[in-house]
Amino acid sequence: MHGEPSPPSPSYKFGIGKSNLHLNWPACFDICLGITRGLAYLHEESRPQIVHRDVKVSNILLDADLNPNSTEQ
């Protein structure tokens, strides 16, 4: 595989107000992993345990470092 060009990484575009954010696959994966870790904490580690039944894109905010945070407390 050495010497062969790697295929371009797909980019994902998200609308944020009037600007757009372009994310590559590793960034999208990291965001998904962060959301999964947050849900695992709510379901398994927090006291009382919380089952979040309304996970959707509009309930997830990204900070300046693209770390996901839930809009619902």
Side-chain angles (χ1 to χ4, degrees):
M1 302 206 59
H2 294 284
E4 296 178 20
S6 60
S9 193
S11 176
Y12 300 90
K13 183 177 175 182
F14 298 91
I16 300 175
K18 294 183 179 184
S19 65
N20 290 309
L21 177 65
H22 295 272
L23 299 174
N24 59 20
W25 172 242
C28 290
F29 181 82
D30 288 342
I31 291 168
C32 291
L33 192 58
I35 293 167
T36 303
R37 286 181 178 143
L39 288 173
Y41 172 79
L42 291 174
H43 288 230
E44 299 171 7
E45 298 175 30
S46 71
R47 297 292 179 251
Q49 292 178 325
I50 299 167
V51 176
H52 196 301
R53 298 182 300 176
D54 191 27
V55 178
K56 55 188 172 185
V57 173
S58 61
N59 288 347
I60 305 296
L61 298 177
L62 300 177
D63 66 15
D65 295 321
L66 299 179
N67 296 310
N69 297 285
S70 174
T71 59
E72 298 182 3
Q73 299 295 326

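Nothing here was measured: the structure is a model prediction, and the numbers come from that model.
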Open item on the list: As an exercise, state the distance from CG of L33 to CZ of R37, rounded to the nearest 0.5 Å.
Closed with: 4.0 Å
Task: Close side-chain approach of V51 to L42, heavy-atom, < 4.5 Å - done: no
TODO: Would you check if the side chain of D65 reaches a backbone N or O of N67 as a donor-acceptor pair within less than 3.5 Å?
DONE: no
Open item on the list: How long is the straight-line distance from CD of Q49 back to CD of E44, given to the nearest 0.5 Å?
Closed with: 8.0 Å
Task: Spacing of D30 atom CG and I35 atom CD1 [to the nearest 0.5 Å] - done: 11.0 Å
Task: Euclidean distance, Y41 OH relative to I50 CD1, rounded to 0.5 Å - done: 8.0 Å
- [ ] Nearest 0.5 Å please: distance from the CD1 atom of I31 over to the CG atom of L66.
- [x] 5.0 Å
